[in-house]
Structures are given as structure tokens and as C-alpha cells.
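For the numbers below, each heavy atom of this structure counts, side chains included, while hydrogens, waters and symmetry mates do not. Convention: sequence-line order gives letters A, B, ...; per-chain numbering from 1.
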Number of protein chains: 2
Amino acid sequence: MPHCHTYLKKLRDHGYRITPQREMIVKIIAHYGRHMSAEEVMEKIREKTSSINIATVYRTLDLLVENGLASRFDLGNGKTAYATSEHGPHVHLVCKHCGSVTEITESDISASLDRIEDLYDFDCRPYHFSIHGLCRDCRDSKTD
Amino acid sequence: MPHCHTYLKKLRDHGYRITPQREMIVKIIAHYGRHMSAEEVMEKIREKTSSINIATVYRTLDLLVENGLASRFDLGNGKTAYATSEHGPHVHLVCKHCGSVTEITESDISASLDRIEDLYDFDCRPYHFSIHGLCRDCRDSKTD
DNA sequence: TCCTTTGATGCGAATGTTTGCAATAAGGAA
DNA sequence: TTCCTTATTGCAAACATTCGCATCAAAGGA
Ligand SMILES: [Mn+2]
Ligand SMILES: [Mn+2]
Ligand SMILES: [Zn+2]
Ligand SMILES: [Zn+2]
């Protein structure tokens with residue numbers, strides 16, 4: 001499914017101009033279906049055609065996030081990751097000690113998100129964020 | 001209350017050395033009671049005595065986070081913020097369009113965190129993280 | 001108190017991300 | 001189709017954060 005067309009249309013509808021750079025970046029991240037860092041997007045671009053400046057990649061990814069077409073989050077390793085909604089909504093449990101990442105099931109968080117959207121009139125969806133904590137292994141291996 | 005002593009003791013108990021640099025950084029962030037960026041910690045240090053290298057500030061803040069004595073999170077402006085548990089556990093709703101930040105009430109999220117801790121055996125507490133989304137004002141001012 | 005071990009610091013370089021600004025080109029109007 | 005307005009790009013510099021490594025000093029034992 002060419003989701004990228006939908007994304008591009010939404011951008012155009014919001015009054016943004018569709019440039020070859022934006023088309024290429026949207027296509028790449030929409031089809032990839034997983035998290036990508038800005039640098040990974042750059043690599044895919046280099047594989048295909050002429051290069052795009054890294055600042056433009058960041059600006060386009062941020063544009064998608066601001067308009068609810070992608071999510072941005074921090075996996076704790078000093079890099080930021082991006083994904084379109086193709087990746088599906090979910091929460092990552094990131095261990096701040098060993099860096100392991102677990103994805104949790106929708107139903108484990110959706111009640112709280114519903115509540116937040118109701119009470120605070122704040123639109124969390126499509127959600128995709130990280131909760132940093134300690135996994136069992138790391139907790140056990142500590143005297144505390 | 002000199003929480004900093006507690007923090008320093010915990011670090012020592014975990015086998016870390018207590019250096020003048022660590023003492024100073026822990027004192028500053030524990031007494032401040034709010035979020036601070038690494039650069040803000042540096043400013044406080046400069047006001048007081050001789051300088052500490054910024055890399056040491058980052059390393060010490062990360063040490064506190066890894067040992068559950070402080071939390072680190074991203075307020076979406078390209079800077080990372082840190083706070084000790086003096087700041088209290090809570091979740092920020094960060095609007096990715098206008099940048100506004102709302103703090104939500106403990107009870108609005110704690111059920112989900114309990115569930116996560118049970119099901120995944122993952123220690124979320126003391127929790128302090130951000131959910132990025134759209135506030136009412138920004139949602140309303142969009143054609144979508 | 002002095003010595004030894006080894007974890008912590010400072011420094012400078014590398015990496016990741018943002019920003020200001022002049023040049024460019026998308027999209028609408030004529 | 002051509003022109004105009006102004007959003008977008010590329011570039012280079014600034015900024016935020018991490019890392020490797022030589023040096024230093026905290027902590028514990030003699
Ligand atoms: Mn994910
Ligand atoms: Mn807070
Ligand atoms: Zn872990
Ligand atoms: Zn807003």
C-alpha cells in the first residue's frame with residue numbers, strides 16, 4: 001500500500017510544498033515500516049540517487065512528527081529514532097542499565113491513554129514512546 | 001532535608017567513589033528540586049567554585065539515572081533534562097506542535113505502570129517521562 | 001601515614017542535531 | 001506558459017552529547 005501518497009497528500013493539504021527531497025524521505029520511511037534514525041534514512045537515499053543534505057532529512061522527519069504522521073523517540077543510546085504509523089502504536093520498555101528494549105501490548109496502556117485524552121484533552125495517538133526503567137535481570141544483579 | 005547525603009551514600013554503597021565533583025553535582029541537582037539540563041548544572045557550578053568539565057557533569061548525571069536516583073527525559077526542544085526524585089514522579093504531556101507541557105496526576109497513569117511492572121517484570125519507578133502529542137489548541141487550529 | 005589499585009577526571013576529538021542565511025524552486029496567479 | 005511570492009534547501013557554523021585515552025586521586029590495606 002503506497003502510504004507515502006497519503007502522507008504527501010496530507011502535507012500538501014496542510015499547505016506544505018512537496019519537494020523531491022520530501023517525497024524521497026517520506027517514501028523511504030513509510031516503506032521501511034520500522035524505526036529509522038536520520039542517518040539510516042540518509043544511507044537509503046545514498047543507495048538510490050543523489051544526496052540530500054542531512055539537515056533537510058531532520059527537518060522533514062520533524063515535519064512529519066509535528067503533523068502526526070510519524071513518531072519520534074529516544075532509545076536511550078544517544079540517537080533519536082523515527083517511524084511512520086506503519087510501524088504501529090506501542091510503548092517500549094527501555095532498560096536504562098543494559099539497554100534492552102521490550103514492546104508492550106496495546107491493551108496494557110490504552111486504558112491510561114484513553115483516560116489522559118479524556119481528562120486533559122490531549123491527543124496522544126498515534127502513540128509510540130519509551131518508558132525507561134530497570135529490567136528484571138538488571139534489578140536482580142544489584143544490591144540496592 | 002539533605003537528600004544529597006542519601007544519594008551520595010547510595011552511590012558509595014554501590015561501590016562508586018565519592019569525588020568533590022560528584023558531591024557538588026549531586027548537591028546542586030538534589031537541592032534544585034526541578035528539571036535541569038547539564039548546562040544549567042554547569043552554570044550553578046561556575047557561580048560557586050572552580051569549574052568541572054562538562055563531560056563529568058554528563059557522566060555523573062547518567063550515573064544517577066542508571067542507579068535510579070534521578071530521571072532523564074526529553075522535553076522535545078533538543079535538550080535533555082534531569083531531576084532527582086525530589087521532583088516527584090509524574091508524566092509530562094508535551095505538545096509536539098507548540099511545545100506546551102502539562103503534568104498529569106499520579107492516579108491517571110499508576111494503574112498502567114502497576115500492570116506493566118507485574119506483567120513484564122520491569123521496574124518503571126520512580127517514573128518521570130514524557131508523552132508527546134497534540135494539545136487541544138493545536139488540534140483545533142488544524143484542518144486535518 | 002604511606003602505598004597500591006583502579007575507578008574517575010579532564011581534555012580534545014568525534015558524533016548527533018539544530019540553526020541562520022543566502023540561493024533556489026514549488027505552487028498559485030495572470 | 002511565464003512570473004512572482006515565499007517556503008524550502010544546502011551549506012557552514014553552532015550547539016548538545018559521547019568517547020578514547022593519558023593522568024589523577026579515592027579508598028582500602030599495610
Ligand atoms: Mn517501536
Ligand atoms: Mn517533571
Ligand atoms: Zn537491563
Ligand atoms: Zn500545542
Side-chain angles (χ1 to χ4, degrees), chain A residues 7-26 28-29 35-43 45-46 49-67 70-82 94 96-97 99 132, chain B residues 7-26 28-29 35-43 45-46 49-67 69-82 96-97 99 132:
Chain A
Y7 295 133
L8 290 168
K9 183 171 181 339
K10 282 200 184 173
L11 287 183
R12 176 173 279 133
D13 291 348
H14 283 223
Y16 298 108
R17 294 180 183 174
I18 305 307
T19 65
Q21 291 90 335
R22 286 182 173 164
E23 274 190 64
M24 192 177 303
I25 294 165
V26 168
I28 287 171
I29 192 170
H35 318 147
M36 300 185 88
S37 66
E39 197 50 53
E40 285 172 322
V41 173
M42 276 301 286
E43 279 168 30
I45 291 171
R46 285 195 206 97
T49 61
S50 59
S51 188
I52 296 177
N53 190 274
I54 186 76
T56 301
V57 174
Y58 277 107
R59 281 187 285 229
T60 301
L61 293 172
D62 290 348
L63 188 74
L64 293 172
V65 172
E66 272 178 16
N67 287 276
S71 51
R72 166 181 43 205
F73 60 96
D74 154 42
L75 246 33
N77 57 352
K79 282 195 182 178
T80 303
Y82 299 80
V94 181
K96 54 192 159 198
H97 191 254
H132 296 255
Chain B
Y7 294 134
L8 291 169
K9 182 171 181 341
K10 280 200 184 172
L11 287 184
R12 177 172 278 131
D13 290 350
H14 283 222
Y16 298 107
R17 295 180 181 174
I18 304 307
T19 66
Q21 290 91 335
R22 285 183 174 165
E23 273 190 64
M24 191 176 307
I25 293 165
V26 167
I28 287 171
I29 192 170
H35 318 146
M36 301 184 87
S37 67
E39 196 51 51
E40 285 173 320
V41 173
M42 276 301 285
E43 280 168 29
I45 291 171
R46 284 194 206 100
T49 62
S50 60
S51 188
I52 296 177
N53 191 272
I54 186 74
T56 301
V57 173
Y58 276 107
R59 280 186 287 228
T60 300
L61 292 172
D62 290 348
L63 188 72
L64 293 172
V65 172
E66 272 178 15
N67 287 275
L69 307 178
S71 52
R72 168 180 42 204
F73 60 95
D74 154 43
L75 245 32
N77 58 352
K79 282 195 181 180
T80 303
Y82 298 81
K96 54 193 160 198
H97 192 253
H132 296 254

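- Between F73(A) and H132(B) there is no side-chain heavy-atom pair separated by less than 4.5 Å.
- For the pair H14(B) NE2 and dA27(D) C1', the computed distance is 18 Å after rounding to whole Å.
- Listed candidates were dT6(D), dG10(C), dT18(D). Nearest to the side chain of I52(B) is dG10(C).
- Among the atoms of the strands shown, base atoms are found under 4.0 Å from some heavy atom of R59(B).
- E39(A) comes within 4.0 angstrom of nothing in the nucleic acid, heavy atoms only.
- Within the nucleic acid shown, S37(B) has no heavy atom closer than 4.0 Å to any nucleic acid atom.
- Note on T80(A): a side-chain N or O is less than 4.0 Å away from OP1 or OP2 of dT17(C).
- Residue L63(B) contributes atom CG, which lies 10 Å from atom C1' of dA8(C) at whole-angstrom precision.
- Here dT24(C) presents its P atom at 15 Å from CG of N53(A), a figure rounded to the nearest Å.
- What separates CE of M24(B) from P of dA26(D) is a distance of 13 Å, to the nearest Å.
- Checked by distance alone, R17(B) brings a side-chain donor or acceptor within 3.5 Å of a matching partner on the base of dG7(C).
- At the phosphate of dA8(C), neither OP1 nor OP2 sits under 4.0 Å from any side-chain N or O atom of T56(B).
- Using a 4.0 Å heavy-atom criterion, one finds that I54(A) contacts no nucleic acid atom at all.
- Side-chain nitrogen and oxygen atoms of Q21(A) include none within less than 4.0 Å of the OP1 or OP2 phosphate oxygen of dA26(C).
- Remark: T19(A) is in phosphate contact with dT9(D), judged by side-chain N or O atoms under 4.0 Å from OP1 or OP2.
- Comparing G15(B) and A55(B) by the nucleotide of DNA chain C that holds the closest heavy atom to each, the one mapping nearer the 5' end is G15(B).
- Judged purely by atom type and a 3.5 angstrom limit, E66(B) has no side-chain atom pairing as donor or acceptor with the backbone of L63(B).
- For dA27(D), the OP1/OP2 oxygens have a side-chain nitrogen or oxygen of R12(B) closer than 4.0 Å.
- Each of R22(A) and Y82(B) was matched to the nucleotide of DNA chain D holding its nearest heavy atom; the match closer to the 5' end belongs to R22(A).
- Put simply, OG1 on T19(B) and CD1 on I52(B) are 7.5 Å apart, with the number rounded to the nearest 0.5 Å.
- Within the 4.5 Å cutoff, the side chain of R72(A) has heavy atoms near those of the Y82(A) side chain.
- Within the model, atoms CD of Q21(A) and CD of E23(A) stand 9.5 Å from one another, a figure rounded to the nearest 0.5 Å.
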